[in-house]
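To find a chain, count down the sequence lines: A is the first, B the second, and so on, and within it residues start at 1.
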Amino acid sequence: MNDVLRDLFPLAWSGMITGCLYALGAMGLVMIFKSSRVVNFSHGNVAGFAAFLIYGFSSGVLLDLSWGAAVLLTIVAVVAIACLTYAVIAPLVFDSDLTATIATLGIGLIAQGATLLIFGADIVSLDLPIPRFSTSVLGLRITGYDLTVLGVAIVTIGALFFVIDYTKLGIAFRAISENSFAAEVCGLNLRSIHLFSWVVAAVLGVVGALLIVPTTFLSVTTVAAFMLQAFAAAVIGGFASLPGSLIGGILIGVLMNLFTFYVSPQFSSTFLLCIILLALNIFPNGILARVGGSRV
Amino acid sequence: MSDHPVTIKAVHPPLPERLRELVASDLGSYVLAVVLIVLPLLVSGSWMFAIGVCFANAIGVLAVSFLVRYGGEVSIGHAFFAAVGAYSVAILDTRFGLSLLVSVPLALVLGVVTGVAFAWPSRKLSGIYLAVSTMALALAVPELINNTDALTGGYEGLYVSKPLIPGLPMSFQRYYVALAVLIAVVFALARFRHSRQGLTILLSKAHPAAADAFGTRQVWARCAVLGISGGIAALCGAMLAFAGSTVSPSGFTLWSSIFLLVGSVVSFYGLTLARALIGGAFLTLVPQFLSASGAWIPVFYGLALLGMILLGHYLPRLKEMMARHGGTA
């Protein structure tokens, strides 16, 4: 019993740390879905491309900049990509959300191909410039990386909630996600709000990618694979709730960690499939949905 | 002409005209089928192999298009059903020495069963929610194959070598069996369109409430559509295994599922022989032409997908505009 508890605590902690990153990815997906009803399947590939850009800008493959400058330049590039993506699918958004969703698959394919073309299929490492630090609290090993992730996640998510709750832009965003027709009647410009959510999502994706890469290595598929857990997190939150996807992300992080440790590391995707199907059946509108029925 | 309202004429074209249309559309398929049957006399062996694989992919494209046409749903997980079919053929071949006569029916049955088994837990989902759960389905495939390597051969895959008819050259068999299955699927789908069940399913897609009132439950329609689609996808996998001669987990990833969807979009979700072949050719021949520069393949697929979607979006509008201009001029 004592042994189980001794393992459980660190596992839950590290699961929560990765869970925060899944939540960052999931929030990007949810932002886009809430405003424009499109599931952005290109999220992972574009974020992966961004991670490679940071590597390219800071390592001398493309440019030889400092880490901070490389990140800034990449964020500019990613915002440009987000605007371009939205420009391509904008005509489809009001026509059929499913068609627009398929179109994002095309964008994802292009992003993946571009990564391969520019950086090849090699594996590179991309570290965060943080001091190596580690301490032990109640038998729990806490590293500088953990604290960085936690800090960045709290600041980013806090800032996002602040913008959405208290600024005019946020109010417009909420209005559109509640009822886009009424919002349009009230004189809101749907396009600019859509663009806002796409840009924010892209930046969230870059932050998530930057923080997840140091735990493994960077290859064409790393970030895309990471974003799949983000999809699961968004599904648990019902795909239309930002707090829901935060909880979903942490839940997925902890559950996946426990599953790989206690059951089997080889069947993690199958486990993810089961979680998604279960979550969609038990809480089709997310874990934070108000209970209610539909009438015919 | 003003005495005859145009709308009525459009709904009931004169019988001879309808007959001619029917013959013309079918005639195209028959001619194409005959051309494909005599094609091996004209092309070299490597082309025959590629075209055989192209037939197999065309079946997979049909499976995805069927789901779109009859279910109104998009799947990015059809590699799962294809893997079920491919591994039934490959495992029966290598482990039990059984030929396609046994393994193809088994593949079909397993495809239908897994289709329904997936449809049941996801029966309440639609649109993007279903798309995301099919994505999760596709993700689980490679690791399931890799971790049952005693049966599936793991990373290395299996080699399918048992001929259907002993004695005949294998290269011809790989081509003709795939072609025969493709034609059979196209024919069955054409019949299905006019069958009672087909019409019921279409009704339940277009007017769910009306279908409910007539006693077709949504759950039943969903299970039927996914079952049939899964069965067709399993046939695709079976033919990929036979015509392509090897199966390995790398052939059934999320990307293969997405490529099947790309093929379906490129063929405008058509269920005819020609449309399916366009999709299948797209999946088979593009990688062949771009094999020297592999990184261009996703870029090309992505551009083609976007291009076809935007074309599908703008073409009706352009036509309308041209018709309007033509009408006023």
*Heavy-atom contact with chain A under 4.5 Å, split by part of B/Val141*: neither
*Using a cut-off of 6.0 Å, state whether more than 12 heavy atoms not belonging to A/Tyr262 lie near its atom OH.*
yes
_Any B/Leu144 side-chain heavy atom under 4.5 Å of A/Phe267 side chain_ = yes
_Polar side-chain atom of A/Gln112 near backbone of B/Pro298 as donor-acceptor pair, under 3.5 Å_ = no
*Return yes when atom CD of B/Glu156 has more than 12 non-hydrogen atoms of other residues, nucleotides or ligands closer than 6.0 Å, and no otherwise.*
no
*Measure A/Ala103 against the heavy atoms of chain B and call it side chain, backbone, both or neither at under 4.5 Å.*
both
*Gap between atom CD1 of B/Ile258 and atom CZ of A/Phe41 - 0.5 Å precision*: 7.5 Å
*How about B/Trp220: does its CH2 atom have over 12 heavy atoms from other parts shown lying under 6.0 Å from it?*
yes
*Please look at A/Leu278 and chain B and tell me whether the side chain, the backbone, both or neither of the residue comes under 4.5 angstrom of a heavy atom of that chain.*
neither
*asked:* Can you tell me which portion of B/Met308 sits under 4.5 Å from chain A's heavy atoms? Options are side chain, backbone, both or neither.
replied: neither
_Looking only at heavy atoms and a cut-off of under 4.5 Å, which of A/Ala111, A/Gly120, A/Pro91 has the most pairs with chain B?_
A/Pro91
*Against chain A, label B/Leu137 side chain, backbone, both or neither, depending on which of its atoms sit under 4.5 Å from a heavy atom there.*
both
*Identify which part of B/Phe300 has an atom lying under 4.5 Å from any heavy atom of chain A, answering side chain, backbone, both or neither.*
neither
_Heavy-atom side-chain contact between A/Leu109 and B/Trp255 under 4.5 Å_ = yes
*Do B/Phe118 and A/Leu277 touch side chain to side chain, with heavy atoms closer than 4.5 Å?*
yes
_Which atoms of A/Ser268 are under 4.5 Å from chain B, going by heavy atoms: the side chain, the backbone, both sets, or neither?_
both
*So, for B/Glu143 and A/Gln266, which heavy atoms are closest and what is the spacing to 0.1 Å?*
OE1-O, 3.0 Å
*Starting at CG of A/Leu273, measure out to OG1 of B/Thr134 and round the result to the nearest 0.5 Å.*
10.0 Å
*With a 4.5 angstrom heavy-atom cut-off, which part of A/Thr270 approaches chain B: side chain, backbone, both or neither?*
both
*Which portion of A/Leu105 sits near chain B, non-hydrogen atoms under 4.5 angstrom*: both
*Part of B/Leu303 lying under 4.5 Å from any heavy atom of chain A*: both
_Heavy-atom cut-off 4.5 Å, strictly under: side chain, backbone, both or neither for B/Leu139 against chain A?_
both
_Working to the nearest 0.5 angstrom, can you tell me the gap between A/Thr99 OG1 and B/Leu310 CG?_
10.5 Å
*asked:* If you count heavy-atom pairs within less than 4.5 Å of chain B, which of A/Ile110, A/Thr104, A/Val39 leads?
replied: A/Ile110
*More than 12 foreign heavy atoms under 6.0 Å from CZ of A/Arg191: is that the case here?*
yes
*Heavy-atom distances under 4.5 Å only: say whether B/Ile297 touches chain A with side chain, backbone, both or neither.*
neither
*Which of A/Leu272, A/Leu228, A/Thr101 touches chain B most, by non-hydrogen pairs under 4.5 Å*: A/Leu228
